[in-house]
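One is the number of the first residue; the rest follow in order along the sequence.
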Amino acid sequence: MKNFLVVLFTVFTIFYCHSQILKQKIPDKLVVLTFDDAPASQYSVVAPMLKEYGFGATFFVCEFPPNYKDSTLYMNWRQIKALDNMGFEVANHTRTHANVSKLTQTEFNAELEYIENKCDSLGIAKPQNFAYPGYGLNALTLEFLQKKEYTFARAGGSRAYDPLVDHPYLIPSWATDAENKKEIMTSLDQAKNGKIVVLTLHGVPDIEHPWVNTPPALFREYLQYLSDHNYKVISLRQLQAYIDADEAKGIISPDLKKKLSN
(Lines give C-alpha, C1' and ligand atoms only; values in the text may rest on other atoms or scores of the structure.)
Protein backbone atom coordinates (compact mmCIF):
# COMPACT_ATOMS: atom_id res chain seq x y z
CA MET A 1 0.00 0.00 0.00
CA LYS A 2 2.81 2.39 0.93
CA ASN A 3 4.61 1.80 -2.38
CA PHE A 4 1.35 2.34 -4.25
CA LEU A 5 0.84 5.70 -2.53
CA VAL A 6 4.40 6.77 -3.35
CA VAL A 7 3.87 5.91 -7.01
CA LEU A 8 0.50 7.67 -7.02
CA PHE A 9 1.99 10.78 -5.45
CA THR A 10 4.85 10.78 -7.96
CA VAL A 11 2.48 10.47 -10.91
CA PHE A 12 0.25 13.21 -9.52
CA THR A 13 3.23 15.52 -8.97
CA ILE A 14 4.53 14.99 -12.50
CA PHE A 15 1.08 15.56 -13.99
CA TYR A 16 0.51 18.66 -11.86
CA CYS A 17 3.84 20.24 -12.78
CA HIS A 18 3.31 19.35 -16.43
CA SER A 19 -0.14 20.93 -16.53
CA GLN A 20 0.97 24.07 -14.68
CA ILE A 21 4.07 24.81 -16.76
CA LEU A 22 2.82 23.93 -20.24
CA LYS A 23 0.05 25.97 -21.81
CA GLN A 24 -0.05 23.50 -24.67
CA LYS A 25 1.90 20.46 -25.79
CA ILE A 26 5.38 21.15 -27.15
CA PRO A 27 5.33 19.99 -30.77
CA ASP A 28 8.18 17.99 -32.22
CA LYS A 29 10.57 19.94 -34.45
CA LEU A 30 10.28 23.20 -32.51
CA VAL A 31 13.42 25.34 -32.90
CA VAL A 32 14.25 28.78 -31.50
CA LEU A 33 16.78 30.92 -33.37
CA THR A 34 18.69 33.54 -31.38
CA PHE A 35 21.35 35.99 -32.55
CA ASP A 36 23.83 37.78 -30.29
CA ASP A 37 25.91 40.98 -30.26
CA ALA A 38 24.25 42.94 -33.13
CA PRO A 39 26.88 42.48 -35.87
CA ALA A 40 25.97 44.31 -39.10
CA SER A 41 25.37 41.11 -41.04
CA GLN A 42 22.33 40.33 -38.90
CA TYR A 43 20.56 43.20 -40.66
CA SER A 44 22.04 42.81 -44.14
CA VAL A 45 22.21 39.01 -44.43
CA VAL A 46 20.31 37.25 -41.63
CA ALA A 47 17.03 39.19 -41.60
CA PRO A 48 16.38 38.94 -45.37
CA MET A 49 17.04 35.17 -45.30
CA LEU A 50 14.75 34.66 -42.33
CA LYS A 51 11.98 36.62 -44.06
CA GLU A 52 12.49 34.51 -47.19
CA TYR A 53 11.82 31.33 -45.20
CA GLY A 54 9.15 32.83 -42.95
CA PHE A 55 11.07 32.06 -39.76
CA GLY A 56 10.97 33.90 -36.45
CA ALA A 57 14.04 34.86 -34.42
CA THR A 58 15.29 36.79 -31.41
CA PHE A 59 18.09 39.36 -31.71
CA PHE A 60 19.95 39.98 -28.44
CA VAL A 61 21.40 43.44 -28.98
CA CYS A 62 24.17 45.38 -27.29
CA GLU A 63 26.59 48.15 -28.17
CA PHE A 64 29.65 45.93 -28.40
CA PRO A 65 32.75 47.84 -27.23
CA PRO A 66 34.93 49.35 -28.44
CA ASN A 67 33.80 49.35 -32.08
CA TYR A 68 30.01 49.46 -31.93
CA LYS A 69 29.91 52.79 -33.82
CA ASP A 70 31.56 51.15 -36.85
CA SER A 71 28.60 50.41 -39.13
CA THR A 72 30.65 47.92 -41.13
CA LEU A 73 30.88 45.79 -37.97
CA TYR A 74 27.70 46.47 -35.98
CA MET A 75 24.09 47.43 -36.53
CA ASN A 76 22.98 50.94 -35.66
CA TRP A 77 19.72 51.52 -33.84
CA ARG A 78 17.91 52.46 -37.05
CA GLN A 79 18.68 48.95 -38.33
CA ILE A 80 17.67 47.36 -35.04
CA LYS A 81 14.36 49.23 -35.30
CA ALA A 82 14.00 47.80 -38.81
CA LEU A 83 14.32 44.28 -37.38
CA ASP A 84 11.49 45.12 -34.99
CA ASN A 85 9.40 46.44 -37.88
CA MET A 86 9.95 43.11 -39.67
CA GLY A 87 8.38 41.29 -36.73
CA PHE A 88 11.54 39.93 -35.13
CA GLU A 89 12.10 40.07 -31.37
CA VAL A 90 14.62 42.61 -30.07
CA ALA A 91 15.91 41.44 -26.69
CA ASN A 92 18.51 42.47 -24.12
CA HIS A 93 22.21 41.58 -24.14
CA THR A 94 23.30 44.49 -21.87
CA ARG A 95 24.72 47.80 -23.12
CA THR A 96 28.40 46.80 -23.13
CA HIS A 97 28.31 43.00 -23.45
CA ALA A 98 29.02 42.92 -19.72
CA ASN A 99 29.83 39.84 -17.67
CA VAL A 100 26.80 40.22 -15.44
CA SER A 101 28.11 37.75 -12.86
CA LYS A 102 30.57 40.47 -11.81
CA LEU A 103 28.04 43.30 -11.51
CA THR A 104 26.19 44.73 -8.54
CA GLN A 105 22.43 44.99 -8.86
CA THR A 106 22.74 48.73 -9.59
CA GLU A 107 25.29 48.09 -12.33
CA PHE A 108 23.20 45.24 -13.73
CA ASN A 109 20.08 47.39 -13.84
CA ALA A 110 21.96 50.20 -15.58
CA GLU A 111 23.20 47.82 -18.28
CA LEU A 112 19.71 46.49 -18.96
CA GLU A 113 17.92 49.80 -18.66
CA TYR A 114 20.14 51.43 -21.27
CA ILE A 115 18.87 48.92 -23.85
CA GLU A 116 15.31 49.21 -22.53
CA ASN A 117 15.42 53.01 -22.85
CA LYS A 118 16.88 52.85 -26.35
CA CYS A 119 14.05 50.55 -27.37
CA ASP A 120 11.47 52.81 -25.75
CA SER A 121 12.78 55.88 -27.59
CA LEU A 122 12.36 54.07 -30.92
CA GLY A 123 8.97 52.52 -30.26
CA ILE A 124 10.41 49.01 -29.87
CA ALA A 125 8.61 46.86 -27.30
CA LYS A 126 10.37 46.70 -23.95
CA PRO A 127 12.74 43.71 -23.97
CA GLN A 128 11.37 40.84 -21.93
CA ASN A 129 14.08 38.26 -22.59
CA PHE A 130 17.81 38.20 -21.91
CA ALA A 131 20.97 36.40 -22.98
CA TYR A 132 24.07 36.20 -20.80
CA PRO A 133 27.07 37.84 -22.53
CA GLY A 134 29.89 35.33 -22.64
CA TYR A 135 27.60 32.96 -20.69
CA GLY A 136 28.65 34.67 -17.46
CA LEU A 137 26.05 34.12 -14.74
CA ASN A 138 25.51 33.22 -11.11
CA ALA A 139 22.68 32.83 -8.63
CA LEU A 140 22.49 36.57 -7.96
CA THR A 141 22.05 37.26 -11.67
CA LEU A 142 18.89 35.16 -11.65
CA GLU A 143 17.58 37.16 -8.69
CA PHE A 144 18.31 40.41 -10.53
CA LEU A 145 16.45 39.19 -13.60
CA GLN A 146 13.46 38.23 -11.48
CA LYS A 147 13.36 41.69 -9.91
CA LYS A 148 13.42 43.17 -13.41
CA GLU A 149 10.54 40.83 -14.34
CA TYR A 150 12.25 39.28 -17.36
CA THR A 151 10.51 36.22 -18.79
CA PHE A 152 13.26 33.99 -20.23
CA ALA A 153 17.05 34.06 -20.22
CA ARG A 154 19.24 32.06 -22.59
CA ALA A 155 22.53 30.45 -21.67
CA GLY A 156 24.63 27.77 -23.41
CA GLY A 157 25.33 24.16 -22.56
CA SER A 158 24.89 22.40 -25.94
CA ARG A 159 21.77 20.49 -25.02
CA ALA A 160 18.04 20.69 -25.70
CA TYR A 161 15.72 22.79 -23.55
CA ASP A 162 13.27 20.79 -21.45
CA PRO A 163 10.66 23.22 -20.07
CA LEU A 164 9.73 20.77 -17.30
CA VAL A 165 13.32 20.52 -16.05
CA ASP A 166 15.25 23.65 -17.06
CA HIS A 167 14.59 26.91 -15.22
CA PRO A 168 13.33 29.69 -17.55
CA TYR A 169 16.44 31.76 -16.71
CA LEU A 170 18.76 28.89 -17.66
CA ILE A 171 17.60 27.96 -21.15
CA PRO A 172 20.37 25.93 -22.82
CA SER A 173 21.45 26.35 -26.43
CA TRP A 174 23.95 25.26 -29.04
CA ALA A 175 26.25 27.88 -30.62
CA THR A 176 27.11 27.69 -34.31
CA ASP A 177 30.45 28.41 -35.93
CA ALA A 178 32.12 27.66 -39.24
CA GLU A 179 33.36 24.23 -38.15
CA ASN A 180 30.56 22.53 -36.20
CA LYS A 181 27.98 21.78 -38.89
CA LYS A 182 27.78 18.10 -37.90
CA GLU A 183 27.09 18.98 -34.25
CA ILE A 184 24.36 21.45 -35.16
CA MET A 185 22.66 19.12 -37.61
CA THR A 186 22.71 16.35 -35.01
CA SER A 187 21.29 18.70 -32.38
CA LEU A 188 18.18 19.30 -34.46
CA ASP A 189 17.19 15.67 -33.99
CA GLN A 190 16.67 16.41 -30.27
CA ALA A 191 13.67 18.66 -30.95
CA LYS A 192 11.15 16.01 -29.93
CA ASN A 193 9.43 14.44 -26.92
CA GLY A 194 8.74 17.80 -25.31
CA LYS A 195 12.21 19.22 -25.85
CA ILE A 196 13.08 22.37 -27.80
CA VAL A 197 16.30 23.08 -29.68
CA VAL A 198 17.64 26.61 -29.21
CA LEU A 199 20.47 27.83 -31.43
CA THR A 200 22.81 30.74 -30.72
CA LEU A 201 24.34 32.50 -33.72
CA HIS A 202 26.47 35.60 -34.05
CA GLY A 203 27.50 37.22 -37.30
CA VAL A 204 26.67 35.68 -40.69
CA PRO A 205 29.49 36.36 -41.30
CA ASP A 206 31.10 37.71 -38.12
CA ILE A 207 33.96 39.98 -39.13
CA GLU A 208 35.28 41.08 -35.74
CA HIS A 209 34.87 37.72 -33.98
CA PRO A 210 35.74 35.00 -36.52
CA TRP A 211 35.68 32.24 -33.89
CA VAL A 212 31.87 32.58 -33.82
CA ASN A 213 31.50 33.18 -37.55
CA THR A 214 28.75 31.35 -39.44
CA PRO A 215 29.33 31.60 -43.21
CA PRO A 216 26.24 32.77 -45.12
CA ALA A 217 26.21 29.64 -47.29
CA LEU A 218 26.17 27.43 -44.19
CA PHE A 219 23.43 29.53 -42.62
CA ARG A 220 21.30 29.13 -45.72
CA GLU A 221 21.93 25.38 -45.58
CA TYR A 222 20.55 25.30 -42.03
CA LEU A 223 17.48 27.31 -43.01
CA GLN A 224 16.83 25.13 -46.05
CA TYR A 225 17.10 21.98 -43.94
CA LEU A 226 14.68 23.37 -41.36
CA SER A 227 12.26 24.31 -44.11
CA ASP A 228 12.55 21.04 -46.03
CA HIS A 229 11.97 18.98 -42.89
CA ASN A 230 9.00 21.01 -41.63
CA TYR A 231 10.53 22.48 -38.48
CA LYS A 232 8.64 25.27 -36.73
CA VAL A 233 11.18 28.08 -36.23
CA ILE A 234 10.28 30.79 -33.74
CA SER A 235 11.63 33.52 -31.47
CA LEU A 236 12.18 33.11 -27.75
CA ARG A 237 9.25 35.45 -27.18
CA GLN A 238 6.96 33.04 -29.01
CA LEU A 239 7.70 30.32 -26.46
CA GLN A 240 5.19 32.05 -24.22
CA ALA A 241 2.48 30.42 -26.31
CA TYR A 242 3.68 27.06 -24.97
CA ILE A 243 5.26 27.78 -21.57
CA ASP A 244 4.04 29.61 -18.48
CA ALA A 245 7.39 30.97 -17.35
CA ASP A 246 6.07 32.30 -14.04
CA GLU A 247 4.69 28.90 -13.08
CA ALA A 248 7.96 27.26 -14.14
CA LYS A 249 9.97 29.63 -11.95
CA GLY A 250 7.83 28.69 -8.98
CA ILE A 251 8.20 24.95 -9.55
CA ILE A 252 11.70 24.43 -10.99
CA SER A 253 14.80 25.15 -8.90
CA PRO A 254 17.72 26.63 -10.87
CA ASP A 255 20.45 24.04 -11.39
CA LEU A 256 23.71 25.96 -11.75
CA LYS A 257 25.75 22.73 -11.73
CA LYS A 258 24.74 21.89 -15.28
CA LYS A 259 26.93 23.05 -18.14
CA LEU A 260 25.66 26.51 -19.10
CA SER A 261 28.30 27.75 -21.55
CA ASN A 262 29.39 26.85 -25.06
Side-chain angles (χ1 to χ4, degrees), residues 30-65 67-98 100 109-133 145 148-154 168-169 171 173 176 196 198-208 212 214 216 219-220 222-223 226 232-243 245:
L30 186 63
V31 169
V32 176
L33 292 183
T34 66
F35 297 83
D36 288 10
D37 301 352
S41 61
Q42 290 180 2
Y43 171 77
S44 60
V45 177
V46 171
M49 282 198 201
L50 291 174
K51 292 298 288 184
E52 178 183 341
Y53 286 90
F55 291 163
T58 296
F59 291 85
F60 288 106
V61 301
C62 62
E63 293 185 353
F64 205 110
N67 298 320
Y68 73 90
K69 291 184 179 180
D70 184 344
S71 61
T72 67
L73 296 175
Y74 295 99
M75 290 189 286
N76 58 44
W77 279 95
R78 175 184 59 81
Q79 293 168 324
I80 293 171
K81 171 59 178 172
L83 296 181
D84 175 68
N85 289 342
M86 292 181 212
F88 298 116
E89 179 185 8
V90 175
N92 208 321
H93 205 38
T94 74
R95 178 183 185 178
T96 64
H97 200 263
V100 295
N109 288 348
E111 287 280 347
L112 268 62
E113 287 166 6
Y114 178 87
I115 300 297
E116 293 170 1
N117 292 338
K118 276 287 190 179
C119 288
D120 181 64
S121 70
L122 293 168
I124 300 172
K126 182 180 179 180
Q128 55 189 307
N129 297 319
F130 179 75
Y132 302 97
L145 283 169
K148 291 286 290 174
E149 298 183 337
Y150 272 63
T151 304
F152 296 113
R154 196 219 66 219
Y169 288 160
I171 293 179
S173 70
T176 72
I196 303 159
V198 182
L199 298 183
T200 296
L201 300 96
H202 294 78
V204 183
D206 200 302
I207 298 171
E208 191 165 32
V212 289
T214 300
F219 181 59
R220 179 173 287 279
Y222 290 146
L223 298 186
L226 292 167
K232 185 176 180 65
V233 182
I234 65 173
S235 67
L236 200 61
R237 176 173 59 195
Q238 290 173 290
L239 279 183
Q240 292 184 69
Y242 301 94
I243 300 163

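With sequence neighbours left out, the side chain to side chain contact (heavy atoms under 4.5 Å, CB included) criterion links Gln238 to Ile234, Ser235.
Checked by atom type and distance alone, the side chain of Asn67 never pairs as donor or acceptor with a backbone atom of Asp70 at under 3.5 Å. A donor-acceptor pair under 3.5 Å is formed between the side chain of Glu111 and the backbone N or O of Arg95. Looking only at distances, no side-chain donor or acceptor of Tyr43 sits under 3.5 Å from a matching main-chain atom of Asn76. Judged by distance alone, with hydrogens and angles left aside, the side-chain atoms of Gln42 form no donor-acceptor pair with the main-chain N or O of Ala47 at under 3.5 Å. With Asn129 contributing its side chain and Phe152 its backbone, the two residues share a donor-acceptor pair below 3.5 Å. Remark: the backbone N or O of Gly203 is paired with a side-chain donor or acceptor of Asp206 at under 3.5 angstrom. The backbone N or O of Asp36 lies less than 3.5 Å from no partner atom in the side chain of His93, so there is not a single donor-acceptor pair. Distance alone, capped at 3.5 Å, is enough to place a donor-acceptor pair between the Ser41 side chain and the Pro205 backbone.
Atoms CG and OH, on Leu199 and Tyr222 in that order, are 8.5 Å from each other to the nearest 0.5 Å. Distance check: Met75 CE to Ile80 CD1 gives 5.0 Å after rounding to the nearest 0.5 Å. Note: Phe59 CZ to Asn92 CG = 15.5 Å, rounded to the nearest 0.5 Å.
Taking the side chain as every heavy atom from C-beta outward, Ile124 and Lys126 never approach each other to under 4.5 Å. A 4.5 Å side-chain heavy-atom check between Thr72 and Ile207 finds every atom pair outside the cut-off. Proximity of Val31 to Phe55: side-chain heavy atoms (C-beta onward) are nowhere separated by under 4.5 Å. No side-chain heavy atom of Thr176 sits under 4.5 Å from any side-chain heavy atom of Phe219. By the 4.5 Å heavy-atom criterion applied to side chains, Cys119 and Val90 are counted as neighbours. Residues His97 and Glu63 are not in side-chain contact: their nearest non-hydrogen atoms beyond the backbone lie 4.5 Å or more apart. By the 4.5 Å heavy-atom criterion applied to side chains, Leu30 and Tyr242 are counted as neighbours. Side-chain contact between Tyr68 and Asp37: absent, with no pair of heavy atoms (C-beta onward) separated by less than 4.5 Å.
Nearest approach of Thr200 to Ser173, heavy atoms of both residues: OG1-OG, 2.8 Å.
Between the side chains of Glu149 and Gln128, no donor-acceptor pair of N or O atoms lies under 3.5 Å. Side-chain contact of Thr34 with Thr58: a donor-acceptor pair under 3.5 Å is absent, judged by distance alone.
In this structure, Tyr74 and Phe64 have parallel ring planes: the angle between them is below the 30° cut-off, well short of the 60° mark.
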- [ ] In sequence, state the C-alpha distance, the side-chain angles, and the governing distance for Leu112 and Glu116, and then conclude on side-chain contact (heavy atoms from CB on, under 4.5 Å).
- [x] CA-CA 6 Å; Leu112 268 62; Glu116 293 170 1; 4.1 Å; yes
- [ ] Would you check, one step at a time, whether the test side-chain contact (heavy atoms from CB on, under 4.5 Å) holds for Ile115 with Thr94?
- [x] CA-CA 7 Å; Ile115 300 297; Thr94 74; 5.8 Å; no
Task: Chi angles and distances behind the side-chain contact (heavy atoms from CB on, under 4.5 Å) call for Arg220, Tyr53 - done: CA-CA 10 Å; Arg220 179 173 287 279; Tyr53 286 90; 3.3 Å; yes
TODO: Apply the test side-chain contact (heavy atoms from CB on, under 4.5 Å) to residues Leu236 and Phe60: give CA-CA distance (whole Å), side-chain angles for both, the deciding distance (0.1 Å), then the verdict.
DONE: CA-CA 10 Å; Leu236 200 61; Phe60 288 106; 3.8 Å; yes
TODO: Given ring-ring contact (aromatic ring centres under 6.0 Å, His included), test Phe130 with Tyr132 step by step and report yes or no.
DONE: CA-CA 7 Å; Phe130 179 75; Tyr132 302 97; 5.3 Å; yes
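The existence of a salt bridge linking Glu113 and Lys148 is confirmed by a sub-4.0 Å separation between a basic side-chain nitrogen and an acidic carboxylate oxygen.
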